[in-house]
Amino acid sequence: MNREQAHEILMKYMKGEEYIAHSYAAEAIMRGLAKRLAPDEVEYWGIVGLLHDLDEEQCDWRNDMKVHGPTSVEILKKEGIEDPILFDAIRAHNPKCGMKARTKLQYSILAADPMSGFVKAVAQVYPDKKVASVKHKSVMKRFNESRFAAGANRDYMECIEFTGLSLDDLIDVALEEMTAIADKLGL
């Protein structure tokens, strides 16, 4: 599957602008992480980011987190996709579904998912609400404030360390990659 095919599937199943923007942000961060961790797989890692929340509007994850991830896999299978590596990465981004991250790809999506929302939350407190204005230092400061963006799982973000990268690296990648597509993100 290429990026164009992945995007078609995303648009078929996802309608909410916030969810779509989040998917684009996760895709961008995953592409940035791949540049450092798997340079020959940048597009593939981006596809993982793009599709990681495919089931967001297709299942009742708010009442049962175990269905988030596995439902995306079922949707992809219905679309004729058979890719166990992609499926495991999508499931691993939500450990509550029973899949534990074990590979660099899986740890990367586990960390990139909440980081994308966290960076957006930091940008929202800036007067211009632009990700380009956000500094690394501000992200770290807010990261250490447990009440700020409390829903963003800090433990998951810190899992990036299992890839050999640091939290600082993840923040730098997120800021750089999200700034590059700020217009698509409305940031």
Side-chain angles (χ1 to χ4, degrees), residues 2-4 6-7 9-11 14-39 41-54 56-57 72 86 89-90 92-94 101 104-145 148-187:
N2 63 32
R3 199 271 179 192
E4 187 177 316
H7 190 260
I9 292 170
L10 179 77
M11 299 311 284
M14 194 175 280
K15 304 301 177 202
E17 289 181 28
E18 289 288 319
Y19 292 136
I20 293 168
H22 169 69
S23 297
Y24 291 155
E27 173 190 24
I29 294 169
M30 286 297 289
R31 290 176 68 83
L33 292 172
K35 289 174 192 171
R36 294 178 181 216
L37 297 169
E41 299 174 27
V42 172
E43 181 166 318
Y44 187 80
W45 282 43
I47 290 168
V48 170
L50 190 64
L51 296 178
H52 80 285
D53 274 347
L54 183 63
E56 201 69 43
E57 299 170 325
S72 292
L86 173 65
I90 288 172
H93 101 277
N94 175 25
K104 286 183 180 184
L105 175 63
Q106 293 168 3
Y107 281 118
S108 293
I109 190 59
L110 179 62
D113 178 28
M115 182 55 73
S116 65
F118 193 79
V119 167
K120 179 182 178 183
V122 175
Q124 295 298 307
V125 300
Y126 275 65
D128 65 0
K129 300 189 182 329
K130 299 290 183 194
V131 70
S133 299
V134 177
K135 305 288 182 262
H136 180 106
K137 184 175 160 184
S138 297
V139 177
M140 269 319 295
K141 179 182 174 218
R142 296 294 184 166
F143 187 87
N144 292 318
E145 295 173 10
F148 181 84
N153 191 313
R154 277 118 168 113
D155 290 338
Y156 291 177
M157 289 185 251
E158 289 180 318
C159 279
I160 197 64
E161 294 172 1
F162 288 103
T163 70
L165 297 179
S166 67
L167 179 61
D168 286 325
D169 294 327
L170 176 62
I171 292 167
D172 289 341
V173 167
L175 289 173
E176 180 180 336
E177 300 297 336
M178 288 176 69
T179 298
I181 63 161
D183 55 328
K184 282 173 98 173
L185 304 177
L187 295 173

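Each residue takes its place number in the sequence, starting with 1.
- Panel note: side chain Asp172, backbone Asp169; no donor-acceptor pair is recorded below 3.5 Å.
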Please table the atom pairs, donor to acceptor, closer than 3.5 Å between any side-chain atom in residues 45-53 and protein atoms at least two apart or in another chain.
| from | atom 1 | to | atom 2 | distance (Å) |
| --- | --- | --- | --- | --- |
| Trp45 | NE1 | Glu41 | OE1 | 3.2 |
| His52 | ND1 | Gly49 | O | 2.6 |
| His52 | NE2 | His22 | NE2 | 3.1 |
| His52 | NE2 | Asp113 | OD1 | 3.0 |
| Asp53 | OD1 | His68 | NE2 | 2.9 |
| Asp53 | OD1 | His93 | NE2 | 3.0 |
| Asp53 | OD2 | His22 | NE2 | 3.1 |

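- The side chain to side chain contact (heavy atoms under 4.5 Å, CB included) search around Asn144 returns Met140, not counting sequence neighbours.
- Scanning both residues, Ile29 and Ala112, for their nearest heavy atoms gives CG2-CB, 3.5 Å.
- Pairing each heavy atom of Glu43 with each of Arg3, the nearest pair is OE2-N, 3.0 Å.
- For the atom pair Ile9 CD1 and Leu54 CG, the distance stands at 7.5 Å (nearest 0.5 Å).
- Between Phe143 and Phe118, the two ring planes are perpendicular [angle over 60°; tilted spans 30° to 60°].
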Show, in sequence, the C-alpha distance, side-chain angles and deciding distance for Lys35 and Glu177, and conclude whether the salt bridge (charged side-chain N to carboxylate O under 4.0 Å, His left out) test is met. CA-CA 11 Å; Lys35 289 174 192 171; Glu177 300 297 336; 3.2 Å; yes
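- Residues Ala149 and Arg154 share a closest heavy-atom pair of O-NH1, 3.0 Å.
- Tyr107 places no side-chain N or O within donor-acceptor distance of the main-chain N or O of Cys159, the cut-off being under 3.5 Å.
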Go through Glu4 and His7 one step at a time and tell me if the side chain to side chain contact (heavy atoms under 4.5 Å, CB included) criterion holds. CA-CA 5 Å; Glu4 187 177 316; His7 190 260; 5.8 Å; no
Derivation and outcome, side chain to side chain contact (heavy atoms under 4.5 Å, CB included), residues Leu33 and Ile109: CA-CA 9 Å; Leu33 292 172; Ile109 190 59; over 6 Å; no
With side chain to side chain contact (heavy atoms under 4.5 Å, CB included) as the criterion, how do Met11 and Ile20 come out once you've worked through the C-alpha distance, each side chain's angles and the decisive distance to 0.1 Å? CA-CA 8 Å; Met11 299 311 284; Ile20 293 168; 3.8 Å; yes
Less than 3.5 Å apart, which donor and acceptor atoms pair up between the side chains of residues 179-187 and the rest of the protein, not counting sequence neighbours?
| from | atom 1 | to | atom 2 | distance (Å) |
| --- | --- | --- | --- | --- |
| Thr179 | OG1 | Leu175 | O | 2.6 |

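- In this structure, Tyr156 OH and Asn94 CG are separated by 6.0 Å, a value rounded to the nearest 0.5 Å.
- Smallest separation of non-hydrogen atoms from Pro39 and Val42: O-CG2, 3.5 Å.
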Side chain to side chain contact (heavy atoms under 4.5 Å, CB included), that's the test. Do Ser108 and Ile160 meet it? Break it down for me. CA-CA 6 Å; Ser108 293; Ile160 197 64; 4.0 Å; yes
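- Atoms CD and CG, from Glu161 and Asp168 in turn, are 9.0 Å apart once rounded to the nearest 0.5 Å.
- Going from atom CD of Gln124 over to atom NZ of Lys130 covers 10.0 Å, rounded to the nearest 0.5 Å.
- In this structure, the separation between CE on Met178 and CE on Met115 is 10.0 Å, given to the nearest 0.5 Å.
- When all heavy atoms are compared, the tightest approach of Pro114 to Ala152 is O-CB, 4.2 Å.
- The closest side-chain heavy-atom distance from Phe148 to Val125 is below 4.5 Å.
- Listed for the Tyr44 side chain is a donor-acceptor partner under 3.5 Å among the backbone atoms of Leu86.
- Distance alone, capped at 3.5 Å, places no donor-acceptor pair between the Glu56 side chain and the Met14 backbone.
- If you take NZ on Lys15 and CG on Leu10, they are separated by 9.0 Å, rounding to the nearest 0.5 Å.
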